[in-house]
Amino acid sequence: MMGHENHTLNSDFILLGLFSSSKTSLVSFSFIFLIFIMTITENALMMLLIHRDSRLHTPMYFLLSHLSFMDILHISNIVPKMISDYLSGSRTISFAGCGFQIFLSLTLLGGECLLLAAMSYDRYVAICHPLRYPMLMRDNSSGLMAAGSWLVGILNSIVHTSFALHFPFCHSRAIDHFFCEVPAMLKLSCVDTSHYERGVYVSGIIFLLIPFSMISISYVQILLTVFQMQSGARQKSLSTCSFHMVMVIMYYGPFIFTYMRPRSYHTPGQDKFLAIFYTILTPTLNPIIYSFRNKDVLIAVKNILQSNFLSKK
């Protein structure tokens, strides 16, 4: 066993990545690079707007600012390494680097699952119980929700990162993925991981199935309330709810499919395709769907542009 541990700690891993050696890899690389720049820009702008515009100092936008921060960290945890590997031609990642990638990824994925549930509760109270909103969503409520999402996400990540890195990796060191993800790494272990996989399944229930169920119930209640509105408001609310649910399904669906299946059912191509949704696409689309389609945000953008224009004059 000691030999296995030494081999695990002293060896680098190889990330086989998302890009092949074919000519299409340049197109894929360019697309991912563009997505990365867009994601950082959109989410940083969203955080700036929420910080500077007093009209956005509400529980909903406070939670959205944390979502934007999580999305910036998440895509920055993965894509820069992909870009570096493509440009340098090296695909190695150290044991410590892989461990950090797992830890940060699980922290942000778990935290975002809980944060999205908190956001859906905020919308449920605002639309279904508007008169009780000031009482149910006090100033410190959103802060506690955000802090709880971060804290529980970190604790869960510490446990899973410790277990995942504890297994001896005595077979190939090549991870058939574009980042260090637990299901892909378990395939490299030469010991039985079935007990640990049951723990992953339990975490999946807590971080995936329960929040997804809460979000679904919240939006069903919201839709029932929306159908009682006047036609103009109803159309706008239905459009907003539809976009939100599409984003929720895009995030939770692939995430559930990846982490709640037995290891024997995983295929590298499928895992990489699914991971693109919750690591790259949703961080890019979240600001557009949750924020930039909102009238208050558009007014905040207009005010900042006008103030910058006037200051230059």
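These numbers come from a predicted model, not from an experiment.
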Pairwise distance [atom1]([X]) to [atom2]([Y]) - rounded to 0.5 angstrom:
X	Y	atom1	atom2	result
Met119	Leu114	CE	CG	13.0 Å
Cys113	Asn156	SG	CG	9.5 Å
Asp12	Ile93	CG	CD1	9.0 Å

Distance alone, cut at 3.5 Å: any donor-acceptor contact between the side chains of [X] and [Y]?
X	Y	answer
His160	Ser203	yes
Asn43	Ser68	yes
Tyr61	Asn294	yes

Non-hydrogen atoms of [X] and [Y] that approach each other most closely:
X	Y	value
Gly99	Thr161	O-CG2, 3.6 Å
Ser120	Ile215	OG-CG1, 3.5 Å
Thr92	Ser90	OG1-OG, 3.3 Å

Inset, instruction - May I ask you to list the residues sharing a hydrophobic cluster with Leu151, side-chain cutoff 4.5 Å, ordered by chain and number? - result: Leu155
Inset, instruction - Under the side chain to side chain donor-acceptor pair (under 3.5 Å) rule, what do Gln101 and Ser105 come out as? Steps first, then yes or no, please. - result: CA-CA 6 Å; Gln101 214 175 45; Ser105 179; over 6 Å; no
Inset, instruction - Before accepting this row, confirm whether a basic side-chain N of the pair Asp176/Lys187 lies closer than 4.0 Å to the acidic partner's carboxylate O. - result: no
Got a sec, which residues hit ring-ring contact (aromatic ring centres under 6.0 Å, His included) with [X], two or more places apart in sequence or on another chain?
X	result
Phe103	none
Phe207	none
Phe33	none

Inset, instruction - Step through it carefully: locate the ring centre of His129, locate the ring centre of Tyr133, and say whether they are under 6.0 Å apart. - result: no
Inset, instruction - Check whether the ring centres of Phe169 and Phe95 lie less than 6.0 Å apart, and answer yes or no. - result: no
Legend entry - Counterpart residues, salt bridge (Lys or Arg N to Asp or Glu O under 4.0 Å), relative to Arg261 (two or more places apart): Asp271
Legend entry - Flag if over 12 foreign heavy atoms under 6.0 Å of NE2, His51: no
Legend entry - Parallel, tilted or perpendicular, as decided by the 30° and 60° cut-offs, for the rings of Phe273 and Phe277: perpendicular
Legend entry - Pairs touching residues 242-256 that satisfy side-chain hydrogen bond (donor to acceptor under 3.5 Å, both in side chains), sequence neighbours left out: Tyr219-His244
